[in-house]
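The model shown is predicted, which means the values in this text are computed figures rather than measured ones.
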Amino acid sequence: MSIGGSLLAARRSAQRLNVWPERRRLMTLGASVSPKYFTLFLGNPRSGTTLIRSLLDANPEITISQELNLVELFAHGERSFDYMCGAILDNAARFGANPVWNGYPYEVSYEHDTASEILVIGDKKASRTSAIIGEQPELIARLLKWSPLPIRFIHCVRAPLDVIATKTRKNGKGLTRNIDIYFERESISMQAEQQLQKEQFHRIHLEDMISAPQDSMKALLAFLGVDGSSEYIEACAAHVFDSPRRSRDAVEWTEAQKEAVQVGISKIEYLHRYQETRT
């Protein structure tokens, strides 16, 4: 072996020595819990996914990581369920210590006893999860076969105009490209729903969470098989905005772009509520 090859091998060996203790720690942490359900998020970013994740994670019987990107780990070959659970627990604890995301605070505070067990564990990385499933449609079947727990998919939806406008302000890709991306993601979520049983898939519209937070939370908890105290439900309701934010008004739309959005909406049934009457 060359000197360069020896140095490279030594470096890789050192990296493995540094990584393995952390991996063992997370596997031990993951093995300490026995949840009943595993949950993943689908949909577009800027659709209330972090809000929904934080509301659920505030329940002492639910732990959901903040953008651990678990499905990408799975797509690249990770198969240790204990490691996945440990990584989720570790990520959620770290985010909980400073629950701020994109400048917004996501701490949901109320007094409660420590849960005797975690019933639901999962990861919130909706957009990337949807993108990977779009690239590998068979991934859902592989996930369902791999997981020792039933998987519950949560699909978060928000008015297309507001999502597209917010993404355009943040990513600089332009309205036309973000219109295409939005409907690509929603088409993937629609196709994912078609692969799943009714009890495996739950869709939540951000506007419903804002207008009826108590009912929306009760429906989510029922989907996940978890109870929620009245104090918890009220704490969640208090954390939700009073009204949806009209991000669409902060950008300039051409008539062609507005029409493209309406055409996209017309093709997906659960988006019909956002259809606008054009004069």
Side-chain angles (χ1 to χ4, degrees), residues 41-59 62 64 66-67 95 99-110 124 126-127 130 154-171 175 178-179 181-183 185-186 189 202-224 228-255 257-266 268-279:
F41 284 65
L42 296 171
N44 273 282
R46 312 294 176 177
S47 297
T49 56
T50 300
L51 172 65
I52 302 301
R53 174 260 164 211
S54 297
L55 298 180
L56 290 173
D57 188 73
N59 188 302
I62 301 175
I64 300 176
Q66 172 65 12
E67 302 205 349
F95 184 71
V100 177
W101 195 254
N102 291 322
Y104 293 101
Y106 285 98
E107 183 178 9
V108 181
S109 299
Y110 71 104
K124 191 282 291 185
S127 182
S130 297
I154 297 172
H155 176 210
C156 297
V157 184
R158 181 187 177 196
L161 287 169
D162 294 320
V163 174
I164 293 163
T166 305
K167 289 177 65 178
T168 298
R169 292 172 59 200
K170 299 293 183 179
N171 66 19
L175 280 170
N178 279 312
I179 290 169
I181 294 172
Y182 177 89
F183 289 107
R185 293 287 188 274
E186 293 306 324
S189 296
H202 182 83
R203 179 174 293 118
I204 175 69
H205 291 260
L206 178 60
E207 294 80 8
D208 292 341
M209 177 61 75
I210 291 172
S211 64
Q214 292 90 344
D215 290 343
S216 296
M217 285 305 303
K218 289 175 183 177
L220 267 173
L221 294 174
F223 171 68
L224 295 173
S229 68
S230 58
E231 292 82 7
Y232 163 70
I233 297 293
E234 290 306 317
C236 289
H239 192 73
V240 175
F241 294 136
D242 292 331
S243 61
R245 297 192 174 187
R246 288 180 56 89
S247 304
R248 69 190 73 180
D249 297 334
V251 299
E252 295 289 334
W253 301 81
T254 66
E255 288 303 313
Q257 289 166 340
K258 292 178 182 178
E259 181 62 26
V261 173
Q262 296 306 310
V263 169
I265 288 173
S266 70
I268 300 178
E269 184 176 358
Y270 62 81
L271 294 179
H272 287 179
R273 63 190 285 176
Y274 303 113
Q275 194 86 50
E276 295 183 352
T277 302
R278 307 306 300 277
T279 57

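- Of the possible polar contacts, none joining the Y106 side chain to the R53 backbone as a donor-acceptor pair under 3.5 Å is found.
- Separating the OH atom in Y182 from the CZ atom in R158 is a distance of 9.5 Å, to the nearest 0.5 Å.
- Atoms CD1 and CG, on I52 and L206 in that order, are 6.5 Å from each other to the nearest 0.5 Å.
- In terms of the side-chain hydrogen bond (donor to acceptor under 3.5 Å, both in side chains) criterion, residue partners of Y270 (sequence neighbours excluded) are, by chain and number, E186.
- No donor-acceptor pair under 3.5 Å is formed between the side chain of R169 and the backbone N or O of V251.
- Among all heavy-atom pairs drawn from V261 and P160, the shortest one is CG1-CB, 4.1 Å.
- Closest non-hydrogen pair, L271 versus F183, comes out as CD1-CE2, 3.9 Å.
- Nearest approach of S54 to V108, heavy atoms of both residues: O-CG2, 4.1 Å.
- Within the 4.5 Å cutoff, no side-chain heavy atoms of N102 are placed close to those of K170.
- Residues L55 and L220 have side chains not in contact (no heavy-atom distance under 4.5 Å, counting atoms from C-beta outward).
- Not a single donor-acceptor pair under 3.5 Å links the side chain of W253 to the backbone N or O of A165.
- Contact of the H239 side chain with the L51 side chain is registered, since non-hydrogen atoms from C-beta on lie closer than 4.5 Å.
- Within the 4.5 Å cutoff, no side-chain heavy atoms of L175 are placed close to those of T254.
- Judged purely by atom type and a 3.5 angstrom limit, S216 has no side-chain atom pairing as donor or acceptor with the backbone of P213.
- Separating the CD atom in Q257 from the CD atom in E255 is a distance of 10.0 Å, to the nearest 0.5 Å.
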Kindly indicate, with the supporting measurements, whether the criterion side-chain contact (heavy atoms from CB on, under 4.5 Å) is fulfilled by K124 and C156. CA-CA 11 Å; K124 191 282 291 185; C156 297; over 6 Å; no
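- For residues 231-245, the set of pairs meeting the salt bridge (Lys or Arg N to Asp or Glu O under 4.0 Å) definition, not counting sequence neighbours, is empty.
- H205 and Y274 share a side-chain donor-acceptor pair at under 3.5 Å.
- By the side-chain hydrogen bond (donor to acceptor under 3.5 Å, both in side chains) test, N59 pairs with no residue at all, sequence neighbours left out.
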Stepwise, does the side-chain contact (heavy atoms from CB on, under 4.5 Å) test hold for L221 with I233? CA-CA 10 Å; L221 294 174; I233 297 293; 3.8 Å; yes
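- In terms of the side-chain hydrogen bond (donor to acceptor under 3.5 Å, both in side chains) criterion, residue partners of S127 (sequence neighbours excluded) are, by chain and number, R185.
- Within the structure, the salt bridge (Lys or Arg N to Asp or Glu O under 4.0 Å) test picks out the following pairs touching residues 202-224 (sequence neighbours left out): E193-R203, D208-R273.
- The shortest non-hydrogen separation linking F41 to T49 is CE2-O, 4.0 Å.
- The closest donor-acceptor contact from the side chain of Q262 to the backbone of Q275 lies at 3.5 Å or more, if one exists at all.
- For the residue pair I181 and N44, the shortest heavy atom distance occurs at O-OD1, 4.1 Å.
- When the side chain to side chain contact (heavy atoms under 4.5 Å, CB included) test is applied to S109, the partners found at least two apart in sequence or on another chain are E107.
- Here the closest heavy-atom approach between residue S130 and residue S189 is recorded as OG-OG, 3.9 Å.
- The distance from the CG atom of D249 to the CG atom of L161 is 9.5 Å, given to the nearest 0.5 Å.
- Interatomic distance, CD of Q66 versus CG of D57, reported as 9.0 Å (0.5 Å rounding).
- Panel note: side chain H155, backbone I204; no donor-acceptor pair is recorded below 3.5 Å.
- Ring pair Y110/Y232 is tilted by interplanar angle, where 30° to 60° counts as tilted.
- To the nearest 0.5 Å, atoms OG1 (T168) and CG (N171) are separated by 6.0 Å.
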